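Presented below is the structure to which this report refers.
We count ligands from 1, going down the list as the structure has it; atoms in each ligand are counted the same way. Computed from a predicted structure; not experimentally measured.
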Amino acid sequence: MSARLVIMGPQGSGKGTQAARLSQRLGVPAISTGDIFRANVKGGTELGNQAKAIMDAGDLVPDSITNAMVRDRLAEPDAAEGFILDGYPRNAAQVQALDAVLAERGETLDAVIELGADREELLNRLAGRAAAEGRTDDTAEAISRRLAIYAEHTAPLTGAYAQRDLLVTVDGIGDIDEVTERLMSALGSRVG
Ligand code: AMP
């Protein structure tokens, strides 16, 4: 099965959880740029050291670093038949960089999923996650910074993807299984 997907949605929309489930269903890896950065911070790599303070503030890591990291990850054999990108692209420059990487490989995206949730629900979920996972960037300031960056730089990307007829919008509120079913049926024949 081939599936080249992007999943978008504000922090707390459940996109990480749903990306993992879609990965199982579709047999392609879920690739979270946030997870890769966190693993590097934990491992004390040079990349991690460059990213840590930026992440803790809730800001975006520079595009040059992020784009190179994604390019390398997509070159790994498990991504040959597809991938679900979670947390990337996050701005217009990253959209272009992703298009360029895929074009070099003779590939295109099959769909871009937008997972929606209202602001109150998001803030509740993020507060729960901060308590459960102890993420150092789940402070009130960093959360509000990330939501503001999402609204300003990332949410507008859906318009461009809609024009390319790639956008699939799904309501992320509700039971986790139910949301997965909604996603699978919304993707329909775009994957496979
Ligand atoms: P996330 O787990 O997706 O919420 O990402 C956590 C943090 O990692 C973000 O707040 C950014 O600092 C950084 N990050 C993740 N993905 C990207 C990206 N595509 N571009 C820039 N920074 C990113």
Starting from [atom], which protein heavy atom do you reach first, and at what distance in Å?
atom                    : value
atom 18 (C) of ligand 1 : R90 CD, 3.5 Å
atom 8 (O) of ligand 1  : M55 CE, 3.6 Å
atom 16 (N) of ligand 1 : T33 OG1, 2.7 Å
atom 23 (C) of ligand 1 : F37 CE1, 3.7 Å
atom 20 (N) of ligand 1 : Q94 NE2, 2.9 Å

Have a look at A97, G87, A93 and point out the one with the heavy atom closest to atom 19 (N) of ligand 1.
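Closest candidate by heavy-atom distance is G87.
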Among D137, D59, N91, L85, which one has a heavy atom closest to atom 11 (C) of ligand 1?
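Looking at heavy atoms only, the winner is D59.
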Side chain, backbone, both or neither: which applies to V61 and ligand 1 if a contact is any heavy-atom pair less than 4.0 Å apart?
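Contact part for V61 vs ligand 1: both backbone and side chain.
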Return the CG to CG distance between L187 and L22, rounded to the nearest 0.5 Å.
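Rounded to the nearest 0.5 Å, the CG-CG separation comes to 6.5 Å.
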Can you tell me how far apart CD (Q96) and CG (D63) are? Round to the nearest 0.5 Å.
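Between Q96 CD and D63 CG, I get 10.0 Å after rounding to 0.5 Å.
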Compute the shortest N/O to N/O distance between D35 and ligand 1 and return yes if it is under 3.5 Å, no if not.
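Such a contact does not occur with ligand 1.
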Min N/O separation R38 to ligand 1 under 3.5 Å
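N/O-N/O distance below 3.5 Å exists for this pair.
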Closest approach of P29 and G82, non-hydrogen atoms and distance?
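Taking P29 first and G82 second, the nearest heavy atoms are CD-O, 3.3 Å.
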Quick one: closest heavy-atom pair of L5 and V191, and the distance?
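Answer, listing the atom of L5 first, then V191: CD2-CG1, 3.8 Å.
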What are the atoms of ligand 1, with element, lying closer than 4.0 Å to any heavy atom of T66?
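Near T66, the atoms of ligand 1 are 18 (C), 19 (N), 20 (N), 21 (C).
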Those atoms of ligand 1 less than 4.0 Å from some heavy atom in R146
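Listed by number with element, the hits are 10 (O).
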Inter- and intrachain pairs under salt bridge (charged side-chain N to carboxylate O under 4.0 Å, His left out), touching residues 90-99, at least two apart
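Applying salt bridge (charged side-chain N to carboxylate O under 4.0 Å, His left out) to every pair that reaches into residues 90-99, excluding sequence neighbours, yields D99-R164.
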Residue that, paired with Y88, satisfies side chain to side chain donor-acceptor pair (under 3.5 Å) out of N67, T154, T66
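Going through the options one by one, the only one that passes is N67.
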Between E81 and S2, do the side chains contain an N or O donor and an N or O acceptor separated by less than 3.5 Å?
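No, no side-chain donor-acceptor pair sits under 3.5 Å.
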Assess whether a salt bridge exists between R145 and D137, defined as any Lys/Arg side-chain N lying under 4.0 Å from an Asp/Glu carboxylate O.
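Salt bridge flag = no for D137 with R145.
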